[in-house]
Amino acid sequence: MPGNRQPKPYQSLSNSIDEEEEEDEDNSPSQDSFDDATRDEEPQEPGSSILPEEEGLSDSSFSLRISKTCVKNVLTVVLIFVYLLLTAVAIFLAYQTISDFLEKLNQPVMSVTYKEVDSFSPPGVALFLGNAQLLSCKHHYHDYIPVLVDPGKPQPGDCEFRNVTYVGPFTNATQKHAVVVRGPSDVRNKELIFMQFSLNETQEDFSAITYMLFARFSDLTKSKDKSEFMRDCERNYSTWTFSGGFRTWVKMSLVKTAGKTKEGVEFRQESSVVKFNDKRTEQTDQLFFVVFEWRDPYIQEIRLVVTANPWSSIAILCGVFMALFKAANFAKLTIQWIIRMRKRHLKHKSKELKSIN
């Protein structure tokens with residue numbers, strides 16, 4: 001560039017191009033060479049001789065202009081490569097941003113939180129007794145269960161329960177009978193229910209009683225069609241068993257899962273089994289014992305969280321597209337500048353050849 005100016009990107013580049021053309025028209029090397037050539041051809045008047053110092057100065061200024069032009073062209077080429085590299089990086093960043101956003105959108109992460117409560121909604125404990133008989137059901141507190149009195153005989157209890165008969169959802173026209181007991185709710189005072197059962201005879205090699213837990217006992221009492229409600233519960237909840245001759249201590253925990261379309265509630269259990277020392281003289285039936293208690297006062301909530309933030313991705317893409325626009329604009333101005341420089345160089349060269357001829 002003429003003087004000590006360097007090429008300016010974007011809009012200032014066109015201004016510098018116009019300034020360079022004006023300066024080159026005022027101080028063009030072809031005009032100096034043309035004057036030198038005409039002076040050589042015309043007859044010299046007395047006292048109009050050219051000094052050797054002036055010729056050396058003209059040659060040095062001409063070579064200086066050529067070196068500046070070469071440096072300017074080299075810098076232009078370097079800038080073009082730099083902006084091409086930045087454009088490639090911007091395109092890759094845009095592609096990577098879109099790919100990450102789509103991947104996070106299709107693969108949400110699981111967020112687990114714990115909510116502390118003083119009491120739970122009493123769950124429903126559905127017992128499928130078959131040929132077994134419920135002898136007693138009683139609420140206790142602080143994990144204290146008194147010594148059994150007359151095990152194997154009916155005992156007074158204080159539990160609330162419902163008898164429901166319905167057709168199973170997975171069997172054709174097979175009726176099932178369930179005894180639904182209102183579960184414990186006071187988790188701070190460690191409320192529990194203790195039940196005992198007896199079974200006189202069984203056709204199976206191993207005797208067990210199947211049970212099922214659902215979220216709220218009040219849902220059954222408020223339901224207009226209790227048979228349909230039990231069918232839906234059996235379809236959506238899991239079933240477990242406890243064996244005869246043991247005391248099975250079941251500690252429940254509540255898990256709420258929120259998916260993309262609907263929410264679900266399920267129970268997780270920790271159970272321990274202790275053998276019952278049967279001291280009865282007549283053991284004509286087999287005894288079952290089970291305890292239901294809340295494990296801790298925390299409700300576990302599991303939610304699917306989409307970590308992809310559309311606004312941050314849009315902001316990144318806007319920055320990338322702005323960089324691409326600026327790079328394209330600079331490349332356009334640079335190409336125009338190169339074309340003008342080329343035309344001007346050819347023009348100067350033709351003038352020099354004419355002056356020599």
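Not measured: the values here are computed from a predicted model.
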Chemist: Using side-chain contact (heavy atoms from CB on, under 4.5 Å), reason through Trp249 and Glu293 one step at a time and then give a plain yes or no.
Modeler: CA-CA 8 Å; Trp249 196 302; Glu293 181 188 10; 2.9 Å; yes
Chemist: So Leu129 and Phe288, side-chain contact (heavy atoms from CB on, under 4.5 Å) or not? Walk me through it.
Modeler: CA-CA 11 Å; Leu129 300 179; Phe288 298 75; over 6 Å; no
Chemist: Verify salt bridge (charged side-chain N to carboxylate O under 4.0 Å, His left out) between Glu234 and Arg231, making sure each step is shown before the conclusion.
Modeler: CA-CA 5 Å; Glu234 187 174 347; Arg231 266 197 301 271; over 6 Å; no
Chemist: Could you give the distance from OG (Ser253) to CZ (Arg295), rounded to the nearest 0.5 Å?
Modeler: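 Reported value, rounded in 0.5 Å steps: 4.5 Å.
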Chemist: Backbone N or O of Ser185 within a donor-acceptor pair of the Glu191 side chain at under 3.5 Å?
Modeler: yes
Chemist: Where do Met230 and Ala126 come nearest, in terms of heavy atoms and distance?
Modeler: CE-CB, 3.9 Å
Chemist: Scan residues 106-163 for pairs that pass disulfide (SG to SG under 2.5 Å), counting only residues two or more places apart or in two chains.
Modeler: Cys137-Cys159
Chemist: Can you tell me how far the OH atom of Tyr141 sits from the NZ atom of Lys190, to the nearest 0.5 Å?
Modeler: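 Going from the OH atom of Tyr141 to the NZ atom of Lys190 covers 14.5 Å.
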Chemist: Kindly check if the number of other-residue, nucleotide or ligand heavy atoms within 6.0 Å of NZ (Lys138) is above 12?
Modeler: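 Check fails, neighbour count at 12 or below.
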Chemist: Less than 4.0 Å between a side-chain N and a carboxylate O, is that true for Glu270 and Arg268?
Modeler: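 No.
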Chemist: Starting at OG of Ser218, measure out to CZ of Arg182 and round the result to the nearest 0.5 Å.
Modeler: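 Those atoms lie 8.5 Å apart.
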Chemist: What are the two closest non-hydrogen atoms of Phe194 and Ile145, and how far apart are they?
Modeler: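 For Phe194 versus Ile145, the nearest heavy atoms are CD1-CD1, 4.1 Å.
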Chemist: For Phe120, is the CZ atom crowded, meaning more than 12 foreign heavy atoms sit under 6.0 Å from it?
Modeler: yes
Chemist: Any side-chain heavy-atom pair from Val147 and Val149 closer than 4.5 angstrom?
Modeler: no
Chemist: Identify whether the distance between the nearest side-chain nitrogen and carboxylate oxygen of Asp285 and Arg280 falls below 4.0 Å.
Modeler: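 Result for this pair is yes, salt bridge flagged.
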Chemist: Just by modelled atom types, is the Thr165 backbone N or O under 3.5 Å from a matching donor or acceptor in the Ser227 side chain?
Modeler: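 Confirmed, Ser227 side chain pairs with Thr165 backbone.
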Chemist: Mind listing the closest non-hydrogen atom pair of Val117 and Val187 along with its distance?
Modeler: O-CG1, 3.8 Å
Chemist: With a 6.0 Å cut-off (strictly less than), is the heavy-atom count around CZ of Phe276, excluding the residue itself, greater than 12?
Modeler: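 Enclosed: over 12 neighbouring heavy atoms sit under 6.0 Å from CZ of Phe276.
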Chemist: More than 12 heavy atoms of other residues, nucleotides or ligands under 6.0 Å from CG of Asp225: yes or no?
Modeler: yes
Chemist: Could you report the tightest heavy-atom contact between Gln196 and Pro151, atom names first, then the distance?
Modeler: OE1-CA, 4.1 Å
Chemist: Near Glu116 CD, under 6.0 Å, is it more than 12 heavy atoms from other residues, nucleotides or ligands?
Modeler: yes
Chemist: Let's go through Tyr211 and Val250 carefully: what are the C-alpha distance in whole Å and the side-chain angles of both, what is the deciding distance for side-chain contact (heavy atoms from CB on, under 4.5 Å) to 0.1 Å, and is it a yes or a no?
Modeler: CA-CA 11 Å; Tyr211 68 95; Val250 178; 3.7 Å; yes
Chemist: Using every non-hydrogen atom in the two residues, find where Val179 and Phe161 come nearest and quote the distance to one decimal.
Modeler: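 In this case the closest contact between Val179 and Phe161 is CG1-CD1, 4.1 Å.
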Chemist: Is it the case that one hydrophobic cluster holds both Phe246 and Leu127, taking links as side-chain heavy atoms less than 4.5 Å apart, direct or via other members?
Modeler: no
Chemist: Supply the atom-to-atom distance Arg303 CZ to Thr113 OG1, rounded to the nearest 0.5 angstrom.
Modeler: 7.0 Å
Chemist: Report yes if the distance between the aromatic ring centroids of Phe267 and Phe292 is under 6.0 Å, otherwise no.
Modeler: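 No - the distance between ring centres of Phe267 and Phe292 does not fall below the 6.0 Å cut-off.
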Chemist: Which pair of non-hydrogen atoms, one from Pro297 and one from Arg188, has the smallest distance, and what is that distance?
Modeler: CG-NH1, 4.2 Å
Chemist: Could you check whether the rings of Phe242 and Phe197 sit parallel, tilted or perpendicular, using 30° and 60° as the cut-offs?
Modeler: tilted
Chemist: With side-chain contact (heavy atoms from CB on, under 4.5 Å) as the criterion, how do Val180 and Phe214 come out once you've worked through the C-alpha distance, each side chain's angles and the decisive distance to 0.1 Å?
Modeler: CA-CA 10 Å; Val180 184; Phe214 57 90; 3.7 Å; yes
